[in-house]
S.K.: 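Can you keep this structure in mind? I'll have questions shortly.
Letters A, B, ... are given to chains in the order of the sequence lines, protein chains preceding strands, and every chain is numbered from 1. Worth saying up front: this structure is predicted, and the values here are computed from it rather than measured.
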Amino acid sequence: MSNIRVRFAPSPTGALHIGGVRTALYNYLFAKKYGGTFVLRIEDTDQGRYVPGAEEYILEALNWCGIMPTEGQGIGGPHAPYRQSERKAIYLQHSLDLVANGSAYYAFDTPEELEAARAAAAAAGNHNFKYDAVSRKAMKTSLNLTAAEVQRRLDAGEHYVIRLKVPENETVTFTDLIRGEVSFHTSELDDKVLMKSDGMPTYHLANIVDDHLMEITHVIRGEEWLPSTGHHVLLYRAFGWEATMPRFSHLPLILRPDGKGKLSKRDGAKFGMPVFPLSWKADTPEDSFEGFREFGFLPQAVVNFLAFLGWNPGTEQEIFSLDELCEAFSLEKISKSGARFDYDKAKWFNQQYLHATDDAVLAAQIKPLAEAKGYHVSDEYLTQICHLMKGRGTFLPDLVEQSSYLFGDVQSYDNENIAKRWKPESRPVFEALADHLKAQTNFEAATLEASVKEFMAERGLKPGDVMPILRLTLAGTTQGPGVFEMMELFGNDRTVDRLTKAFSHFDALVK
RNA sequence: GCCCCGUUCGUCUAGGGGUCCAGGACGUCGCCCUUUCACGGCGGUAACACGGGUUCAAAUCCCGUACGGGGUACCA
């Protein structure tokens, strides 16, 4: 396949949901795999829901994930503008074309009249009123009104919408690349509004017109669009564009961790996890969210995790770089059923990436976090901390938050464990050990280990008698990196200093 | 309600008629490694929604039922 063109078309109504990121990712992977083009289009046709800053957020989020579009809003390209609100004239012209060829019509019904029609239908026992081939006969449309009357209303500036005239008694069938053949009977389809009375197109019209004009070859979008695809196919036909209609692929939804419905923005707070790539600050706390980035996730881990939510390469490999994903990706391997958002798995992916990331790279990333906590150390020292801690953490901030004693002095001692191990007779032994260490000229971990073992052997001490206490003097806690590695990090003076400082504290605990 | 889509271990999934008393990963449990916490290694637990067909043979194909999800706006 060549000249593949796909698009990601979010509406700027707030922060970009993680499900949207996955849709973007799949589009990116598909385009990249076939050397195609990935277009970003902003679907801002609902003026009432427009949120300032959302467009910038979308770009920043895609950029953070490393899946930037190659054409579109904020990037440029031959089909500009890529913001639908700037393409109003195009949609109007196209909807007029459909009116002219009999595929669409004017409807002058006011919202109140529609509501009344709905209520009347309900009163008659029909609770699913829809504007269709049957009900439109009783409505104020250019199909029923005389041409003169329609013109009169238009000239008078009456509000109107343009609706699709859904043909009667037909079956619309299309092939979804993920689900196979899907069909709808036109009697089930309502006469969708194409142009709203405010002069803006609806999604249905705009997406068909733009996909055609922008030469989109494959539409990869969420499953929530599947039910309206029948209308979309009808639209392509009405325009006479069916021959170049894009292939459709409807992605399974990302479900809540408990499986009850699709993952929504509020679920982040509910389940204590991020559901947005980046943090989003809104006027109210309820509308503000913490992102994967701020949680301390690495973008590669998020991408890898997301890729596997609904897709699988069919092999047993699970860790994939973006390039490897591009290589392995295929629409056929996308599953049909919804996937629950498995936060444990997300954490596992992050841990894997954290462990595999170069020490110096991690150091650069956590530097701001360390400085925010008042830790100021050299880059080399920070790199060493990353080396010692990265195997023990899940998130970036863990490297800082769990290692205060590596940055500075021990802040608090685990007194309970100290009391358990420190005996009145311990002090002379450990003072001797301190002296022994002080005499060391080579302070590398391996050398220290051999030396301390020798020290223990000479005195008939077991590792269990010495090591835990040594750890407590150095870190104040029973957890953390290897004792000798910490010593190497601290160096001779600081190591011995920590030992001697700890002794009096330890003595005080056991009197 | 109606329409559309779906249904393999708790979760993500492999599987596209025989090689499946169903494989991997996360989680969980146990053991090992070990000076701690982790990492890691090894092992255990655990699934083809149900009922009919088709076939010599079905997790795999068909139909139905149940359940789940989505849609049903002058939102996207």
S.K.: Whole angstrom is fine here: how far is it from NZ in A/Lys347 over to C1' in B/U11?
M.R.: 13 Å

S.K.: Nearest whole angstrom, please: distance from the P of B/A38 to the CG of A/Leu354.
M.R.: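 Answer to the nearest Å: 16 Å.
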
S.K.: Is it the case that A/Asn27 and A/His218 place a side-chain donor and acceptor less than 3.5 Å from each other?
M.R.: no

S.K.: Within 45° of the six-membered ring axis of A/Tyr131 and under 6.0 Å from that ring's centre, is NZ or CZ of A/Arg163 located there?
M.R.: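 Yes, a cation-pi geometry holds between A/Arg163 and A/Tyr131.
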
S.K.: Out of B/C2, B/G70, B/C12, which has the shortest distance to the side chain of A/Ala339?
M.R.: B/C12

S.K.: Name the nucleic acid region contacted by A/Gly261, choosing base, sugar-phosphate or nothing; use a 4.0 angstrom heavy-atom cut-off, strictly under.
M.R.: sugar-phosphate

S.K.: Under 4.0 Å between any heavy atoms, over every strand shown, what does A/Gly480 touch: base, sugar-phosphate, or nothing? Just pick one.
M.R.: base

S.K.: Taking only side-chain N and O atoms of A/Thr45, does any of them lie within less than 4.0 angstrom of OP1 or OP2 on B/A76?
M.R.: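 Checking A/Thr45 against B/A76: at least one side-chain N or O falls below 4.0 Å of OP1 or OP2.
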
S.K.: Can a side chain N or O of A/Arg340 be found less than 4.0 Å away from OP1 or OP2 on B/U11?
M.R.: yes

S.K.: Among B/G71, B/U36, B/C74, which nucleotide has an atom closest to any side-chain atom of A/Arg163?
M.R.: B/C74

S.K.: Mind checking A/Phe484 for me? I need base, sugar-phosphate or nothing, with any heavy atom below 4.0 Å counting as a touch.
M.R.: base

S.K.: Just call it for A/Thr13: base, sugar-phosphate, or nothing, with non-hydrogen atoms closer than 4.0 Å on any strand.
M.R.: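 Contact class for A/Thr13: none.
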
S.K.: Between B/G6 and B/G64, how far apart are the two P atoms, rounded to whole Å?
M.R.: 13 Å

S.K.: If you look at every strand shown and take non-hydrogen atoms under 4.0 Å, does A/Thr229 touch a base, only sugar-phosphate, or nothing?
M.R.: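 No contact at all - A/Thr229 keeps every heavy atom at 4.0 Å or more from the nucleic acid.
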
S.K.: For B/U7, what is the paired nucleotide under Watson-Crick or G-U wobble rules, both distances under 3.5 Å?
M.R.: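 The answer is B/A66, by the H-bond criterion.
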
S.K.: Take atom P in B/U8 and the same atom in B/G15, then report the distance between them in whole Å.
M.R.: 14 Å

S.K.: Classify the nucleic acid contact of A/Tyr203 as base, sugar-phosphate or nothing, counting any heavy atom under 4.0 Å across all strands shown.
M.R.: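 Base, at least one base heavy atom under 4.0 Å.
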
S.K.: Look at the aromatic rings of A/Phe320 and A/Phe308 and report parallel, tilted or perpendicular, splitting at 30° and 60°.
M.R.: tilted

S.K.: Mind checking who B/A73 pairs with, Watson-Crick or G-U wobble, both distances under 3.5 Å?
M.R.: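 Paired with no nucleotide.
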
S.K.: Can you tell me which nucleotide in B/C37, B/G15, B/C26 comes closest to the side chain of A/Trp348?
M.R.: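 Per side-chain heavy atoms of A/Trp348, the pick is B/C26.
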
S.K.: Taking CZ from A/Arg221 and P from B/G71, how many angstroms apart are they, rounded to a whole number?
M.R.: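 It works out to 13 Å between those atoms.
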
S.K.: At under 4.0 Å between heavy atoms, what does A/Lys262 touch on the DNA or RNA strands: base, sugar-phosphate, or nothing?
M.R.: sugar-phosphate

S.K.: Specify whether A/His204 and A/His231 have parallel, tilted or perpendicular ring planes, treating 30° as the upper limit for parallel and 60° as the lower limit for perpendicular.
M.R.: tilted

S.K.: Determine the interatomic distance between P on B/U19 and the same-named atom on B/G27; round to the nearest Å.
M.R.: 32 Å

S.K.: Has the side chain of A/Arg49 got a donor or acceptor atom sitting under 3.5 Å from an opposite partner on the base of B/C75?
M.R.: yes

S.K.: Using the P atoms only, state how far B/C48 lies from B/C5, rounded to an integer number of Å.
M.R.: 26 Å

S.K.: A cation-pi test, strictly: NZ or CZ of A/Arg498 under 6.0 Å from the centre of the six-membered ring of A/Phe490 and no more than 45 degrees from its axis. Yes or no?
M.R.: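 Relative to the ring axis of A/Phe490, which defines the angle, A/Arg498 lies inside both limits.
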
S.K.: Which is true for A/Val182 with a 4.0 Å heavy-atom rule: it touches a base, it touches only sugar-phosphate, or it touches nothing?
M.R.: sugar-phosphate

S.K.: Report yes if the distance between the aromatic ring centroids of A/Phe503 and A/Trp422 is under 6.0 Å, otherwise no.
M.R.: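 Aromatic pair counts; centres sit under 6.0 Å.
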
S.K.: For A/Asp342, answer base if it contacts any base atom (sugar-phosphate contacts may also be present), sugar-phosphate if it contacts only those atoms, and nothing otherwise; contact means non-hydrogen atoms under 4.0 Å.
M.R.: base

S.K.: To the nearest Å, how far apart are A/Gln47 CD and B/A76 P?
M.R.: 10 Å

S.K.: Please confirm whether any donor atom in the side chain of A/Arg179 sits under 3.5 Å from an acceptor in the base of B/C5, or the reverse.
M.R.: no

S.K.: Is the shortest side-chain N/O distance from A/Lys196 to OP1 or OP2 of B/C75 below 4.0 Å?
M.R.: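 Answer is yes, contact under 4.0 Å.
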
S.K.: Is the shortest side-chain N/O distance from A/Gln84 to OP1 or OP2 of B/C75 below 4.0 Å?
M.R.: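 It does not, given that no N or O in the side chain of A/Gln84 lies less than 4.0 Å from OP1 or OP2 of B/C75.
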
S.K.: Aromatic ring centroids of A/Tyr26 and A/Trp311 under 6.0 Å?
M.R.: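 No, too far apart.
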
S.K.: Are A/Phe297 and A/Phe349, when compared by the centres of their aromatic rings, separated by less than 6.0 Å?
M.R.: no

S.K.: Under 3.5 Å for both donor-acceptor distances, Watson-Crick or wobble: does B/A46 have a partner, and if so which one?
M.R.: none

S.K.: Remember a base hit wins even if backbone is also touched, and classify A/Ser197 as base, sugar-phosphate or nothing at under 4.0 Å, heavy atoms.
M.R.: base

S.K.: Of the nucleotides B/G27, B/G15, B/A76, which one has an atom closest to the side chain of A/Asp344?
M.R.: B/G27

S.K.: Check the angle between the aromatic planes of A/Tyr203 and A/Trp225 and answer parallel, tilted or perpendicular using the 30° and 60° thresholds.
M.R.: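 Geometry flag for A/Trp225 against A/Tyr203: parallel rings.
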
S.K.: Name the nucleic acid region contacted by A/Thr478, choosing base, sugar-phosphate or nothing; use a 4.0 angstrom heavy-atom cut-off, strictly under.
M.R.: base

S.K.: Both distances below 3.5 Å, Watson-Crick or wobble geometry, any strand: find the nucleotide opposite B/G40.
M.R.: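 Checking every strand shown, B/G40 finds its partner in B/C32, with both distances under 3.5 Å.
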
S.K.: Using Watson-Crick or G-U wobble geometry with both distances below 3.5 Å, tell me the partner of B/G17, or none.
M.R.: none

S.K.: Among the candidates B/G6, B/C74, B/C37, find the nucleotide nearest to the side-chain atoms of A/Lys336.
M.R.: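 Of the candidates, B/G6 comes closest.
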
S.K.: Among B/C3, B/G40, B/G71, which is the nearest nucleotide to the side chain of A/Gln352?
M.R.: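 Between B/C3, B/G40, B/G71, the one nearest the side chain of A/Gln352 would be B/G40.
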
S.K.: If you measure from the C1' atom in B/G53 to the same atom in B/G71, how many Å do you get, rounded?
M.R.: 32 Å

S.K.: Does A/Lys192 put a side-chain nitrogen or oxygen below 4.0 Å from OP1 or OP2 of B/A73?
M.R.: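 For A/Lys192, the contact criterion (side-chain N or O under 4.0 Å from OP1 or OP2 of B/A73) is not met.
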
S.K.: For A/Pro481, answer base if it contacts any base atom (sugar-phosphate contacts may also be present), sugar-phosphate if it contacts only those atoms, and nothing otherwise; contact means non-hydrogen atoms under 4.0 Å.
M.R.: base

S.K.: Among B/G1, B/C12, B/C74, which is the nearest nucleotide to the side chain of A/Lys345?
M.R.: B/C12

S.K.: To the side chain of A/Leu253, which of B/G69, B/A38, B/G71 is closest?
M.R.: B/G69

S.K.: For the P atoms, the ones on B/U60 and on B/C9, what distance do you get once it is rounded to whole angstrom?
M.R.: 14 Å

S.K.: Between B/C63 and B/U72, how many Å separate the two P atoms, rounded to a whole number?
M.R.: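 One P to the other, the span is 27 Å.
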
